[in-house]
Protein chains: 2
Amino acid sequence: MTELDSNTEKLIFRAARKIFTMKGYDGARMQEIADEAGINKALLHYYFRSKDKLFEGVFRDVFRTFFPGIKSILVTDRPIDEKIKLLVNQYLDILSGNPDVAGFIFHELRMNPQRLAGNIRDIVIDAREIRQMIQTEVEKGAIRPVRMEHLIANLISMTVFPFISKPVLMSLTGMDEPQFAQFIEERRKIIPEIIIQSIKPTA
Amino acid sequence: MTELDSNTEKLIFRAARKIFTMKGYDGARMQEIADEAGINKALLHYYFRSKDKLFEGVFRDVFRTFFPGIKSILVTDRPIDEKIKLLVNQYLDILSGNPDVAGFIFHELRMNPQRLAGNIRDIVIDAREIRQMIQTEVEKGAIRPVRMEHLIANLISMTVFPFISKPVLMSLTGMDEPQFAQFIEERRKIIPEIIIQSIKPTA
DNA sequence: GTCTATAAACAGATAGAC
DNA sequence: GTCTATCTGTTTATAGAC
């Protein structure tokens with residue numbers, strides 16, 4: 001979408017984003033999107049041709065929301081501890097404001113992994129760059145040699161997964177909605193602590 | 001399903017489980033399930049009345065697969081370190097053999113959180129029991145006081161999430177399929193180490 | 001650009017023969 | 001029990017008036 005697009009187009013797009021993230025591609029209905037936008041079903045096709053095209057646009061948009069400036073954080077020369085804290089906090093901010101996007105993204109990628117190829121370019125965080133960064137930190141003696149795969153997996157897992165498993169987690173632990181919000185706030189401290197602990201040089 | 005159910009019924013059920021876990025409720029087609037089972041569409045309705053009923057049965061079944069004997073591990077009086085190792089390994093076993101179930105379960109629960117109520121009984125791991133267990137360990141001086149919510153969240157996150165984010169993780173790190181399997185094997189050691197480190201009394 | 005009406009294809013469910 | 005044929009409602013998409 002360019003900035004010159006009409007108001008109606010934006011209206012439709014916003015409605016589509018809401019319905020698609022809530023229900024997924026298969027569960028969403030064009031009629032429901034039209035209702036949400038307060039316009040007619042035929043207009044959806046006038047602006048976006050098909051459900052597929054509309055979804056494609058929404059997915060790209062959500063994808064960019066979800067993978068923010070990872071690179072811009074990682075390539076700076078802040079101390080690694082600070083990078084980790086920034087990354088966790090940035091993700092928790094995004095997810096708190098958009099609690100549905102994580103479930104949406106990973107579901108749609110599972111249904112259609114090729115989607116990744118079409119969007120990954122937007123975020124490309126080159127594996128070699130991260131390996132290089134870790135290598136540098138190891139040589140500085142700031143951290144011990146760790147496999148990048150696990151570091152990334154642990155970081156993303158602990159940050160993102162609570163949102164995906166929210167209903168189970170709430171039921172399992174007996175948390176209510178405000179307690180869950182509080183729980184997420186606590187994780188801003190807890191996750192970096194654990195991650196940093198896991199890469200510190202063994203004493 | 002009782003043990004007296006017909007062969008055809010089992011055949012249908014297995015096919016339904018496969019298709020539903022792959023495509024989700026909304027994405028699955030009765031025709032596709034019939035094809036997978038090698039029988040006719042009408043037979044699905046003969047045995048299971050409706051798509052809804054069939055799905056309900058499948059969901060219960062997958063749910064039980066996914067939440068195994070958590071309780072039976074937690075209520076024993078093994079040392080807590082060992083409980084954690086057992087839990088992680090049991091989950092990784094299940095998930096390695098059924099890579100689709102995690103994504104399936106959490107997607108369907110997000111679409112329809114009430115489903116949890118109907119199935120949670122099967123696994124009921126009472127929050128009070130876990131809190132009690134943690135309390136006991138703290139009093140023994142075996143661990144420091146930690147909030148159960150975070151302990152559970154961290155444990156499940158690091159174990160389950162890599163399967164849900166598999167395509168992203170592989171793309172982000174450049175792993176191929178065998179490397180991913182190897183990566184999961186390594187996590188059998190890594191996850192318990194990190195979890196145990198995070199609850200050890202501060203030295 | 002926006003609407004109503006409708007086409008065209010699909011998907012779940014049932015009837016009825018065997 | 002299993003099949004073919006078909007009904008019924010739904011859903012995406014288009015035609016055409018305004």
Side-chain angles (χ1 to χ4, degrees), chain A residues 1-62 104 107-108 111-112 114-115 118, chain B residues 1-62 104 107-108 111-112 114-115 118:
Chain A
M1 301 226 297
T2 76
E3 47 185 323
L4 288 175
D5 294 330
S6 75
N7 241 328
T8 306
E9 183 166 346
K10 284 191 202 119
L11 206 63
I12 292 174
F13 193 82
R14 253 192 292 273
R17 185 177 153 133
K18 177 173 173 185
I19 301 299
F20 275 135
T21 50
M22 272 175 49
K23 311 246 175 138
Y25 177 85
D26 289 324
R29 294 291 164 259
M30 294 297 265
Q31 182 61 59
E32 199 178 355
I33 293 173
D35 292 347
E36 173 73 28
I39 50 91
N40 191 277
K41 214 176 42 162
L43 267 190
L44 300 184
H45 291 95
Y46 175 79
Y47 281 103
F48 294 93
R49 281 192 57 83
S50 70
K51 185 182 178 183
D52 262 47
K53 303 263 185 225
L54 180 51
F55 179 81
E56 202 181 319
V58 167
F59 187 82
R60 286 191 73 82
D61 189 56
V62 176
F104 170 73
H107 172 72
E108 297 300 340
M111 293 299 100
N112 205 342
Q114 312 90 287
R115 281 193 208 289
Chain B
M1 300 228 295
T2 75
E3 46 186 323
L4 288 174
D5 295 330
S6 75
N7 240 329
T8 306
E9 183 166 347
K10 283 191 202 119
L11 205 65
I12 292 174
F13 193 81
R14 254 194 291 273
R17 184 177 155 135
K18 177 172 173 185
I19 301 299
F20 275 134
T21 50
M22 272 175 51
K23 310 246 174 139
Y25 177 84
D26 289 325
R29 295 291 164 257
M30 293 297 266
Q31 183 61 60
E32 201 177 354
I33 294 174
D35 292 347
E36 174 73 28
I39 49 91
N40 191 276
K41 212 174 46 160
L43 266 190
L44 301 184
H45 292 94
Y46 174 79
Y47 281 101
F48 294 94
R49 279 194 60 84
S50 70
K51 186 182 179 183
D52 263 47
K53 303 263 184 225
L54 179 52
F55 178 81
E56 202 182 318
V58 167
F59 187 82
R60 286 190 73 82
D61 189 57
V62 176
F104 169 74
H107 172 71
E108 297 301 340
M111 293 299 100
N112 204 341
Q114 312 91 284
R115 280 192 208 292

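Chain naming here is simple, since letters A, B, ... match the order of the sequence lines and numbering starts at 1 in each.
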Please list, chain by chain and in numerical order, all residues satisfying side chain to side chain donor-acceptor pair (under 3.5 Å) with A/D35, sequence neighbours excluded.
A/Q31
Describe, as an angle rounded to 10 degrees, how the axis at the first end of the helix from C/dG1-D/dC18 to C/dC18-D/dG1 is tilted relative to the axis at the last end, five pairs per end.
10°
note: B/D26, atom CG; C/dC10, atom C1'; distance rounded to Å ~ 15 Å
Applying ring pair (Phe, Tyr, Trp, His ring centres under 6.0 Å), can you list everything that pairs with A/Y47, at least two apart in sequence or on another chain?
none
Could I get the full list of side chain to side chain contact (heavy atoms under 4.5 Å, CB included) partners for B/N112, not counting sequence neighbours?
B/Q114, B/R115
Reading nucleotides 2-18 of chain D 5' to 3', which nucleotides get B (base under 4.0 Å from a protein heavy atom), which S (sugar-phosphate only), which -?
BBB------SBBBB---
Write down the distance between NZ (B/K53) and C1' (C/dA13), rounded to a whole number of angstrom.
14 Å
Sequence-distant partners of A/D52, side chain to side chain contact (heavy atoms under 4.5 Å, CB included), two or more places apart
A/Y25, A/S50
Mind checking what makes side chain to side chain contact (heavy atoms under 4.5 Å, CB included) contact with A/D61, not counting sequence neighbours?
A/F13, A/R17, A/R64
Using salt bridge (charged side-chain N to carboxylate O under 4.0 Å, His left out) as the criterion, list what pairs up with A/K23, not counting sequence neighbours.
A/E32
Using the salt bridge (charged side-chain N to carboxylate O under 4.0 Å, His left out) criterion, which residues pair with A/K18? Sequence neighbours excluded.
A/E36
Would you check if the distance from the ring center of A/F55 to the ring center of A/F20 is below 6.0 Å?
yes
